[in-house]
Q: 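Handing you a structure now.
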Amino acid sequence: MFTLATWNINSVRLREGLVARLLREEAPDILCLQECKSPVEKIPLTMFQELGYNWIVARGQKGYNGVAILSRLPIEDAGDRDYAKLGHARHVAARLENGVTIHNMYVPAGGDIPDRELNVKFGQKLDFVSEMRDVFHADNPQRSILVGDLNIAPREDDVWSHKQLLKIVSHTPIEVEHLLAAQDAGKWVDVTRQDIPEGLLYSWWSYRSPDWNAADKGRRLDHIWATPDISNAAHGSRILRDVRGWQQPSDHAPVLATFDL
DNA sequence: ATGGTGGCCAAGCCA
């Protein structure tokens with residue numbers, strides 16, 4: 001049995017202390033981070049190792065993007081892929097000794113205008129997710145977990161106002177369509193919604209809102225998926241909303257799930 | 001309709 005957490009940390013060096021606090025208070029066996037904004041060699045490993053997280057599989061770059069998998073269970077590097085040929089550090093995979101593969105992903109945000117003719121970044125986002133679909137279709141993943149900041153809130157109850165966000169990047173029909181096609185191609189089960197099927201659920205609140213907690217204009221951008229052969233082992237999903245209120249927080253909250261495997 | 005905040009690193013890009 002292991003507990004897995006995913007968290008867009010928005011700079012792992014600035015928020016080293018917040019990562020340590022999460023590891024102390026929640027003690028997930030595995031923590032997948034996105035937006036580390038650091039070369040791998042500059043990720044602050046000492047404190048994580050002192051807390052028992054002796055294994056790391058990561059891809060980094062200076063200033064932007066970056067994904068890391070910290071683990072207190074042995075993991076081996078299972079490679080990466082440069083989706084949409086962006087040259088960004090947005091994917092890395094690791095394998096546990098029980099054969100379970102973990103994919104840690106950071107899908108591009110996609111800019112502000114939801115039109116690929118007017119906004120190159122939106123096209124790159126759609127291409128990234130289309131390539132996910134193609135890879136999953138070709139690979140037919142087994143005993144796999146996919147986590148990360150997918151930067152798309154697929155359901156009406158994954159956003160504070162479905163109607164008001166229909167033309168806002170992260171909740172447009174074309175993005176949702178692309179994400180569901182990728183999910184379907186790998187037969188991925190949305191573990192968070194398997195456990196919490198009803199009600200509004202968010203993992204991100206903008207920094208630009210003066211009182212994020214009272215306004216509560218959130219979106220569920222961070223996800224945990226599993227292939228059907230292991231999805232029934234998943235339970236206990238949580239989104240740690242309180243973490244969004246910690247001192248100098250990330251704009252994302254951690255998402256957790258436990259697997260009896 | 002607009003601008004609001006935050007991190008990279010020291011101007012403008014990205015989210």
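Protein chains get the first letters and strands the later ones, always in sequence-line order, with residue 1 at the start of each.
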Q: Do A/R21 and A/W246 meet the cation-pi criteria used here (NZ or CZ under 6.0 Å from the six-membered ring centre, within 45° of the axis)?
A: yes
Q: Can you check the distance between B/dA10 and B/dC14, where both ends of the measurement are the C1' atom (answer in whole Å)?
A: 15 Å
Q: Measuring to OP1 and OP2 of B/dC14, would you say a side-chain N or O of A/K121 lies under 4.0 angstrom away?
A: yes
Q: A/Q61 CD to B/dC13 C1': how many Å, rounded?
A: 13 Å
Q: Does A/P249 or A/R208 map to a spot on DNA chain B nearer the 5' end, using the closest nucleotide for each?
A: A/P249
Q: Roughly how many Å is it from CD in A/Q247 to P in B/dT5, rounded to a whole number?
A: 17 Å
Q: Could you tell me the separation between the CG atom of A/L18 and the C1' atom of B/dG6, rounded to a whole number of Å?
A: 14 Å
Q: When you compare B/dA11 with B/dG6, how far apart are their C1' atoms, in angstrom units rounded to a whole number?
A: 16 Å
Q: For the salt bridge (charged side-chain N to carboxylate O under 4.0 Å, His left out) test, which of A/R116, A/K121, A/K85 pairs with A/D127?
A: A/R116
Q: What is the distance from NZ of A/K62 to P of B/dC9, rounded to the nearest Å?
A: 6 Å
Q: A/N10 has an atom CG; how far is it from atom P of B/dC8, in whole Å?
A: 7 Å
Q: For nucleotides B/dC13 and B/dC9, find the distance between their C1' atoms and express it as a whole number of Å.
A: 11 Å
Q: From A/I168 CD1 over to A/T172 OG1, what is the distance, rounded to the nearest 0.5 angstrom?
A: 9.5 Å
Q: Grab the CD1-P distance between A/I9 and B/dA15 for me, whole Å please.
A: 18 Å
Q: Under 4.0 Å, heavy atoms only, any strand: does A/R219 hit a base, just the sugar-phosphate, or nothing?
A: nothing
Q: So, is A/R15 close to the B/dG7 phosphate, meaning a side-chain N or O under 4.0 Å from OP1 or OP2?
A: yes
Q: Examine B/dC14: is either OP1 or OP2 under 4.0 Å from a nitrogen or oxygen in the side chain of A/R90? Give yes or no.
A: no
Q: Between CD1 of A/I43 and OG1 of A/T46, what distance do you get to the nearest 0.5 Å?
A: 12.0 Å
Q: Looking only at side-chain N and O atoms, does A/Q248 come under 4.0 Å of OP1 or OP2 in B/dG7?
A: yes
Q: Below the 4.0 Å mark, does B/dT5 have OP1 or OP2 next to a side-chain nitrogen or oxygen of A/S206?
A: no
Q: In whole Å, I'd like the distance from the CH2 atom of A/W212 to the C1' atom of B/dG6.
A: 16 Å
Q: Between B/dG4 and B/dA15, how far is it from one C1' atom to the other, in whole Å?
A: 14 Å
Q: Please compare A/G63 and A/A109 by the position of their nearest nucleotide in DNA chain B and report the one closer to 5'.
A: A/G63
Q: If you check every side-chain atom of A/N151, which of B/dA15, B/dG6, B/dC13 has the closest atom?
A: B/dA15
Q: Measure up the A/F136 and A/W188 rings against each other and bin them: parallel (under 30°), tilted (30 to 60°), perpendicular (over 60°).
A: perpendicular
Q: Verify the neighbour count for atom CG of A/D112: are there more than 12 heavy atoms of other residues, nucleotides or ligands below 6.0 Å?
A: no
Q: In whole Å, what is the span from the NE2 atom of A/H252 to the P atom of B/dG7?
A: 13 Å
